[in-house]
Chemist: 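If you scroll down you'll find the structure; I have some questions about it.
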Amino acid sequence: MLDFDVVVIGCGVAGMTSALYLKRANINACIIEKNAPGGQLNMILDINNYPGFKSIDGPSLAFNMFEQIRELNVPYKYANVLEIINEKDKKIVKTNKGDITCKGIIIANGRRPRELGVEDEKKLIGRGISYCSICDGTLYKDKDVCVVGGGNAALESALYLSDICNKVYLIHRRDEFRGENMSLEKIKNKDNIEIKTCVKIKKINEKDNKLSGVLLDNGEEISCEAVFVNVGNVPMPIKCEGLNTDEGYIIVDEKMKTNIDKIYACGDIIKKDVYQISTATGEGTIAAMSLIKEL
């Protein structure tokens with residue numbers, strides 16, 4: 001059984017920031033992550049509101065951050081956390097690849113894309129259903145695709161795909177978009193993006209075990225080869241008896257401390273008003289510094 005002073009769960013912005021501060025304070029810490037380092041950074045095409053970078057794509061920023069962690073020799077464990085067990089003198093992080101004991105934990109496992117909730121959606125993931133245009137967009141070069149959503153992620157996806165795909169249908173359930181006006185104006189000037197508002201996808205059409213189109217709730221059918229879903233996010237689940245949460249989001253105080261001794265949380269997994277890269281960085285710093293003092 002492995003043993004560390006601190007286990008950081010999640011290798012996104014907040015988790016990597018916490019690990020950096022822990023290591024520089026000579027705290028024996030490791031990071032556990034079940035997906036690629038960077039979390040949702042890997043799904044962002046263009047970042048232009050993060051200090052120090054006029055513009056940078058998410059995967060590049062994630063790589064830069066992870067390189068810092070690697071240079072500091074922070075142990076990285078690729079595993080899925082199954083449960084946190086809080087004992088009197090130690091904590092046990094149970095994973096699908098064995099248990100890890102530690103004195104303190106920082107939970108930074110973030111969020112995942114929200115699903116549409118229509119029939120056969122899960123069945124067709126990777127066969128026409130995607131939640132990441134950067135990851136899967138090139139698979140549909142010169143094809144017709146749909147993007148669902150009304151925030152910045154949906155607008156950025158539509159713009160990105162318009163340079164790859166033949167036709168992009170942007171589908172939004174409301175008549176107004178929540179995304180930035182600058183992106184919306186760019187979309188309106190794109191000849192191969194068609195906006196459809198006040199409609200929802202009612203049904204996914206399938207042919208030969210692949211997505212072949214969608215049926216909207218106004219009766220209209222659209223033939224397409226992929227649907228890129230950008231309808232928000234939900235917190236990643238974490239099993240820990242007694243941990244205070246609100247709709248899956250972990251409740252913390254101003255020091256990022258949870259209601260359980262020596263367990264902290266930061267980033268997109270916590271209950272807060274603003275979900276940004278800059279706030280995740282600050283919260284990761286606070287969580288690490290707070291736990292360092294407690295240890």
Side-chain angles (χ1 to χ4, degrees), residues 34-36 39-40 42-45 58 80-82 96 109-179 187 190 192-239 247-249 268-269:
K34 66 176 181 178
N35 295 311
Q40 292 209 53
N42 294 308
M43 303 173 70
I44 303 175
L45 175 62
N80 183 24
V81 173
L82 305 175
N96 63 327
N109 58 335
R111 302 189 289 180
R112 61 173 175 81
R114 185 188 302 275
E115 298 173 354
L116 279 177
V118 295
E119 188 178 355
D120 291 333
E121 179 179 1
K122 291 183 179 180
K123 173 187 172 184
L124 294 175
I125 291 174
R127 288 177 285 182
I129 293 290
S130 174
Y131 303 91
C132 179
S133 59
I134 296 177
C135 312
D136 301 327
T138 54
L139 298 175
Y140 302 97
K141 184 179 179 181
D142 298 328
K143 307 296 183 182
D144 292 354
V145 301
C146 292
V147 174
V148 185
N152 284 324
L155 300 186
E156 290 169 6
S157 289
L159 286 169
Y160 174 71
L161 292 167
S162 70
D163 292 330
I164 300 172
C165 303
N166 176 61
K167 180 72 177 283
V168 178
Y169 296 93
L170 178 57
I171 301 169
H172 184 38
R173 61 179 179 169
R174 296 192 175 95
D175 59 347
E176 293 185 356
F177 289 87
R178 294 177 288 106
I187 284 174
K190 284 277 190 177
N192 65 335
I193 299 180
E194 184 175 336
I195 299 174
K196 294 184 177 295
T197 55
C198 301
V199 288
K200 298 179 184 179
I201 291 180
K202 182 179 181 180
K203 182 177 179 291
I204 296 171
N205 297 328
E206 178 186 347
K207 183 179 180 181
D208 298 329
N209 211 25
K210 291 183 180 179
L211 186 146
S212 62
V214 295
L215 171 66
L216 304 182
D217 60 1
N218 64 356
E220 180 182 358
E221 288 201 49
I222 298 174
S223 294
C224 62
E225 296 202 21
V227 172
F228 292 86
V229 182
N230 297 106
V231 292
N233 300 282
V234 294
M236 292 290 289
I238 190 82
K239 186 177 180 182
E247 296 183 337
Y249 289 97
D268 286 1
I269 189 60

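This chain uses plain numbering: 1 for the first residue, then up along the sequence. Remember, predicted model here, so these are calculated numbers, not experimental data.
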Chemist: Step by step, would you call I222 with K196 a side chain to side chain contact (heavy atoms under 4.5 Å, CB included)?
Modeler: CA-CA 11 Å; I222 298 174; K196 294 184 177 295; 3.8 Å; yes
Chemist: What is the distance from atom CD1 of I129 to atom CD1 of I204, rounded to the nearest 0.5 Å?
Modeler: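 It is 3.5 Å, given to the nearest 0.5 Å.
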Chemist: Any donor-acceptor pair under 3.5 Å linking the side chain of N192 with the backbone of S162?
Modeler: yes
Chemist: Looking at V229 and R114, what are the two nearest heavy atoms and their distance?
Modeler: CG1-O, 3.7 Å
Chemist: Once you round to the nearest 0.5 Å, how far does OG1 of T197 lie from CG of D175?
Modeler: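 The OG1 atom of T197 sits 6.5 Å away from the CG atom of D175.
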Chemist: Taking NZ, NE, NH1 and NH2 as the nitrogens, is one of them in D208 or R127 under 4.0 Å from a carboxylate oxygen of the other?
Modeler: no
Chemist: Testing the basics here: between L211 and C224, what is the closest heavy-atom pair and its distance to 0.1 Å?
Modeler: CD2-O, 3.6 Å
Chemist: Is there a donor-acceptor contact under 3.5 Å linking the side chains of D144 and N166?
Modeler: yes
Chemist: To the nearest 0.5 Å, what is the distance between SG on C198 and CZ on R174?
Modeler: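 Between atom SG of C198 and atom CZ of R174 there are 10.0 Å.
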Chemist: Nearest 0.5 Å, what's the CD-NZ distance between E225 and K207?
Modeler: 10.5 Å
Chemist: Between R111 and D268, is the closest basic N to carboxylate O distance under 4.0 Å?
Modeler: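 Result for this pair is yes, salt bridge flagged.
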Chemist: Assess whether atom NZ of K143 is packed by more than 12 heavy atoms of other residues, nucleotides or ligands within 6.0 Å.
Modeler: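 Atom NZ in K143 is not packed in, count stays at 12 or less.
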Chemist: Nearest 0.5 angstrom please: L116 CG to Y131 OH, how far?
Modeler: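 Result: 6.5 Å between the selected atoms.
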Chemist: Could you pull out the closest heavy-atom pair between D120 and E206, with the gap in Å?
Modeler: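 Result for this residue pair: OD2-OE1, 3.9 Å.
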Chemist: Donor-acceptor check, side chain of D136 to backbone of S133, threshold 3.5 angstrom: yes or no?
Modeler: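 Absent.
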Chemist: Measure the CG-CD1 distance between L215 and I201 for me, rounded to the nearest 0.5 Å.
Modeler: 9.5 Å
Chemist: Report yes if the side chains of T138 and I164 come closer than 4.5 Å at any heavy-atom pair, otherwise no.
Modeler: yes
Chemist: How about E220: does its CD atom have over 12 heavy atoms from other parts shown lying under 6.0 Å from it?
Modeler: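 More than 12 heavy atoms, drawn from other residues, nucleotides or ligands, come within 6.0 Å of this atom.
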Chemist: What I'd like to find out is whether the side chain of F177 reaches to under 4.5 Å of the side chain of I187, using heavy atoms alone.
Modeler: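 F177 does not reach I187 side chain to side chain.
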Chemist: Determine whether N209 and K123 make a side-chain contact, defined as any pair of heavy atoms from C-beta on separated by less than 4.5 Å.
Modeler: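 Yes - at least one pair of side-chain heavy atoms lies under 4.5 Å apart.
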Chemist: Taking all non-hydrogen atoms of both residues into account, name the closest pair between N80 and N96 and its distance.
Modeler: N-OD1, 2.8 Å
Chemist: Given side chains that start at C-beta, do those of N230 and H172 come closer than 4.5 Å, heavy atoms only?
Modeler: no
Chemist: Could you report the tightest heavy-atom contact between G149 and L170, atom names first, then the distance?
Modeler: O-CD1, 3.9 Å
Chemist: Could you point out which residue of V227, L216, V231, V147 forms a side chain to side chain contact (heavy atoms under 4.5 Å, CB included) with I171?
Modeler: L216
Chemist: Would you say that more than 12 heavy atoms from the other residues, nucleotides or ligands in this model lie under 6.0 Å from the NZ of K167, or not?
Modeler: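 Count over threshold, so yes.
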Chemist: Between E115 and E121 (side chain of the first, backbone of the second, donor and acceptor by atom type, cut-off under 3.5 Å), is there such a pair?
Modeler: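 It does not hold such a pair.
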Chemist: Which pair of heavy atoms, one from P235 and one from I269, lies closest together, and at what distance?
Modeler: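 It is CB-CD1, 3.7 Å.
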